[in-house]
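Notes to accompany the following structure.
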Amino acid sequence: MSVRLRFAPSPTGALHIGSVRTILYNYLFARQRGGTLVLRIEDTDRERLVTGAIDSIYDGLHWLGISWDEGPREGGPHVPYVQSERLPLYQRHAAELVAKGAAYYCFCSKERLAELRKQQEARHELTRYDRHCRNIPAAEAAERAKTESHTVRLKVPDEGTLAIDDLVHGRIEWQANTIEDQVLLKSDGFPTYHLAVVVDDRVMGITHIMRGEEWIASVPKHLLIYRAFGWEVPPMAHVPDVQGPDGKKLSKRHGSTAVSEFKEQGYLPEALVNFLALIGWSPGTEEEVFSMDDLIRVWRIEKVQRGGAKWDKDRLDYFNGVWIRRLPEDELVRRLRAFVPPQWDDDLLRKVVPLIRERMKTLAEAKDQIAFLFTETPEYPPSLAVPKQQSAGTTVEALSRAASALRDARPFDARSVESALRGVADGWSVREFTHAVRVAVTGRTIGPPLFESIELLGRERTLQRIERAQSALRG
RNA sequence: GGCCCGGUCGCCUAGUGGACUAGGGCGCUUCCCUUUCAAGGAAGAGGUCAGGGGUUCGAAUCCCCUCCGGGCUACCA
């Protein structure tokens with residue numbers, strides 16, 4: 001039988017990189033088995049809705065190369081794929097649970113609940129619903145429900161053991177008496193997560209539930225719902241959280257978390273996917289560079305770790321560098337376009353890319369490294385050109401020697417530029433000499449290889465810049 | 001507080017009773033290469049496998065306790 005998995009993000013903000021990791025695992029699992037992927041939007045909390053969040057989910061996942069088969073915009077056999085458009089389905093199921101005696105109407109006001117909680121806290125008791133409405137006669141409750149505001153609560157048994165054999169954690173058990181009578185249907189007619197997932201996963205034919213480990217605690221409630229309906233519980237896998245450097249769940253406090261931000265900062269989707277896959281999973285071998293296709297081949301649910309994993313930006317940067325170097329040159333140029341001004345010449349960009357491709361950690365860094373080629377006058381303090389053991393005066397002289405050598409260099413390419421400059425270093429070390437020329441020509445002390453840079457800049461512009469440096473140094 | 005999940009170098013991790021003198025990668029240090037910076041190559045520092053008890057001829061690996069971290073504990077997801 002073919003597998004069906006779902007990603008079920010909530011549209012409560014920009015697509016979070018931590019949820020992407022979980023989505024990626026769902027994707028890999030389904031794709032390697034030729035299964036089907038469903039995107040379902042879990043928007044049952046209308047108070048936390050953020051407009052544009054669905055666009056952010058689509059943009060982010062598409063950018064990363066994660067695709068799916070059924071969803072709000074692609075349609076499928078179980079439309080609609082947005083929970084807020086499926087309300088009657090949940091209401092019907094909630095009513096069915098009440099009819100079966102597995103759930104009951106609760107008429108407690110939010111005020112009473114808050115007061116109850118306050119008192120329990122004061123007495124250092126467990127803060128749990130006191131089952132106040134649990135014993136209202138069914139007929140009476142049904143009658144009141146017609147006119148009074150109410151919720152539907154799960155009728156949790158007093159005793160018994162609930163358990164699952166989690167695909168990553170193994171067996172996990174709970175005692176029924178530690179579980180509260182969870183609200184299933186809110187007074188606004190919307191289901192809570194607990195009712196909605198169980199119903200939708202069932203109705204949509206989901207064969208494997210894979211989600212973040214923050215959901216483990218609600219599993220027993222779900223189990224009770226499955227049991228009440230007489231449904232079989234699908235295999236579950238709870239994957240570890242992605243944590244910030246402080247061990248807490250990764251959040252904005254730790255830096256960027258939105259997929260779109262990583263895109264803007266010049267990270268490659270290939271690198272992000274590679275890095276993300278390795279947070280909480282490893283192949284068991286010493287390989288670590290994986291493309292999406294590689295991952296679909298080698299990723300295994302059995303190798304997913306139990307412990308939470310920390311976000312390590314240095315490691316992400318490393319992988320980004322790896323993937324930048326792996327990109328075909330044309331492709332790198334194409335991706336760089338979005339990170340440099342549109343008026344920068346395409347030809348020149350193409351020529352300079354080989355010089356900087358192994359000097360970038362992110363696409364965004366390229367611009368500063370090559371700006372000297374595209375802008376007319378690099379700004380820098382004149383003294384920057386003077387090497388440690390030299391003076392402004394000797395530097396002016398050295399630059400004169402460089403200028404005249406470059407005037408005669410034929411043809412004006414990296415090779416002849418190099419021999420021309422080496423030939424006139426005189427008493428200076430090549431290191432000092434190229435330093436002075438580099439600063440004069442590029443305005444910076446570090447950058448792409450000097451001789452190649454000079455070739456690309458051209459004789460005229462190079463000589464102009466050297467002259468300008470000299471007059472600046474003369475004060 | 002209660003329930004649940006975790007705990008191997010700074011970080012990501014390999015490891016499922018003997019090949020572990022605990023392996024790899026990132027980061028860090030040094031060296032090589034070298035026109036700078038990178039990249040690349042080489043070497044190195046870094047771990048009482050959270051701690052304590054067991055079980056066993058033998059434990060990072062199994063059991064118990066403790067400690068620490070995290071999640072949940074909402075008419076949020």
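Numbers restart at 1 for each chain; the letters A, B, ... are given by sequence-line order, proteins then strands. Below, each value reflects all heavy atoms present in this structure, side chains not excepted, and no hydrogens, waters or symmetry copies.
Of the candidates B:C75, B:U13, B:A77, the closest approach to any side-chain atom of A:Val183 belongs to B:C75. The listed nucleotides are B:G6, B:G70, B:C76; the one nearest the side chain of A:Asp241 is B:G70. The side chain of A:Asp314 has B:G27 as its nearest neighbour among B:G27, B:G24, B:C3. Nearest to the side chain of A:Arg315, among B:A77, B:C12, B:C4, sits B:C12. Across B:U13, B:G6, B:C12, the shortest atom-to-atom separation from the side chain of A:His169 is found for B:G6. Listed candidates were B:G71, B:G40, B:A77. Nearest to the side chain of A:Ala217 is B:G71. Taking every side-chain heavy atom of A:Glu180 into account, B:U73 is the closest of B:U73, B:G6, B:C75. Side chain of A:Lys249, nearest nucleotide from B:G25, B:G71, B:U36: B:G71. Distances from the side chain of A:Glu358 to the nucleotides B:C11, B:A38, B:G71 place B:A38 closest. Nearest nucleotide to the side chain of A:Gln305, out of B:C37, B:A14, B:A77: B:A14.
Inter-residue side-chain proximity for A:Ile209 and A:Met236 is flagged as met; some heavy-atom pair is nearer than 4.5 Å. Under the 4.5 Å side-chain criterion, counting only non-hydrogen atoms from C-beta, A:Met360 is in contact with A:Gln369.
Using a 4.0 Å heavy-atom distance criterion, A:Gly307 is classed as a sugar-phosphate-only contact. Among the heavy atoms of the strands lying under 4.0 Å from A:Lys310 are primed sugar atoms or P, OP1, OP2 only; no base atom is included. Within 4.0 Å (heavy atoms only), A:Arg431 reaches sugar-phosphate atoms of the nucleic acid but no base atom. Within the 4.0 angstrom heavy-atom criterion, no nucleotide atom of any strand lies near A:Phe190. The residue A:Tyr318 sits close only to the backbone: its heavy atoms come under 4.0 Å of sugar-phosphate atoms, none of a base. Residue-level contact check: A:Lys248 touches the backbone only, with heavy atoms under 4.0 Å from sugar-phosphate atoms and none from bases. Using a 4.0 Å heavy-atom cutoff across all strands shown, A:Cys108 reaches at least one base atom of the nucleic acid. At the heavy-atom level, A:Gln182 lies nowhere under 4.0 Å from the strands shown. Across all strands shown, A:Arg128 has no heavy atoms under 4.0 Å from either base or sugar-phosphate atoms. Counting any heavy atom pair closer than 4.0 Å across all strands shown, A:Glu452 reaches a base atom. Heavy atoms of A:Leu450 sit under 4.0 angstrom from at least one base atom. Residue contacts shown for A:His435 are absent, as no nucleic acid heavy atom lies under 4.0 Å away. At the heavy-atom level, A:Trp215 lies under 4.0 Å from base atoms of the strands shown. A:Arg306 comes within 4.0 angstrom of sugar-phosphate atoms only, judged by non-hydrogen atoms across all strands, and of no base.
Look at the P atom in both B:C57 and B:G69: the space between them is 38 Å, to the nearest Å. Between the C1' atoms of B:A42 and B:U48, the separation comes to 31 Å (whole Å). As rounded to the nearest Å, B:G51 and B:G10 have P atoms that lie 13 Å from one another. When the C1' atom is compared between B:G27 and B:G44, the two are found 14 Å apart, to the nearest whole Å.
Contact between the side-chain N/O atoms of A:Gln243 and the OP1/OP2 oxygens of B:C12 is not found at any separation under 4.0 Å. Regarding contacts with the backbone of B:A77, a side-chain N or O of A:Lys186 is found under 4.0 angstrom from either OP1 or OP2. At B:G10, none of the side-chain N or O atoms of A:Lys313 fall inside 4.0 Å of OP1 or OP2 (strictly under the cut-off). Checking the phosphate oxygens (OP1, OP2) of B:A77, a side-chain nitrogen or oxygen of A:Thr44 falls inside 4.0 Å. At the phosphate of B:C75, OP1 or OP2 sits under 4.0 Å from a side-chain N or O atom of A:Arg153. Proximity of A:Arg46 to the phosphate of B:C75: no side-chain N or O atom is located under 4.0 Å from OP1 or OP2. Checking the phosphate oxygens (OP1, OP2) of B:A14, a side-chain nitrogen or oxygen of A:Ser282 falls inside 4.0 Å.
Taking the six-membered ring for Trp and the full ring otherwise, A:Tyr25 and A:Trp299 have centroids separated by under 6.0 Å. The aromatic ring centres of A:His222 and A:His194 sit less than 6.0 Å apart.
Looking at A:Phe262, A:Trp311, A:Trp281 one by one, the single match for ring pair (Phe, Tyr, Trp, His ring centres under 6.0 Å) with A:Phe275 turns out to be A:Trp311.
Summarising the base pairing, B:G58 is matched to no nucleotide, lacking a Watson-Crick or G-U wobble pair whose two defining distances lie under 3.5 Å. Using N1 to N3 plus N6-O4 or O6-N4 for Watson-Crick, or N1-O2 and O6-N3 for G-U wobble, each under 3.5 Å, B:C49 pairs with nothing. Across all strands shown, B:G10 forms a Watson-Crick or G-U wobble pair with B:C26, both key distances being under 3.5 Å. Base pairing of B:G1: its partner is B:U73, meeting the Watson-Crick or G-U wobble criterion (both donor-acceptor distances under 3.5 Å).
One can place CG of A:Leu185 at 13 Å from P of B:C75, the figure rounded to the nearest angstrom. When the P atom of B:C12 is taken as reference, atom CG of A:Leu276 falls 14 Å away, rounded to whole Å. Put simply, CG on A:Leu87 is 14 Å from C1' on B:C75, counting in whole angstrom units. A straight line from CD of A:Glu365 to P of B:C37 spans 16 Å, rounded to a whole angstrom. Straight-line distance from the NE2 atom of A:His238 to the P atom of B:C5: 12 Å, rounded to whole Å. Summarising the geometry, the separation between CD on A:Glu121 and C1' on B:G1 is reported as 10 Å, rounded to the nearest angstrom. Going from atom CD1 of A:Ile172 over to atom P of B:C4 covers 10 Å, rounded to whole Å. Distance, A:Leu195 CG to B:C75 C1': 12 Å, rounded to whole Å.
By the 4.0 Å N-to-carboxylate-O rule, A:Glu42 lies close enough to A:Arg40 to be salt-bridged with it.
Annotation for A:Leu28 and A:Met292: closest pair CD2-SD, 4.1 Å, computed over non-hydrogen atoms. When all heavy atoms are compared, the tightest approach of A:Pro387 to A:Trp428 is CG-CZ3, 3.5 Å.
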Would A:Tyr129 and A:Gln120 satisfy side-chain hydrogen bond (donor to acceptor under 3.5 Å, both in side chains), going step by step from the backbone distance to the final call? CA-CA 10 Å; A:Tyr129 180 58; A:Gln120 289 172 331; over 6 Å; no
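One cannot find a donor-acceptor pair under 3.5 Å joining the base of B:C75 and the side-chain atoms of A:Thr151.
Between A:Trp215 and A:Tyr193, the ring planes lie parallel to each other; the angle is under 30°, not in the 30° to 60° tilted range.
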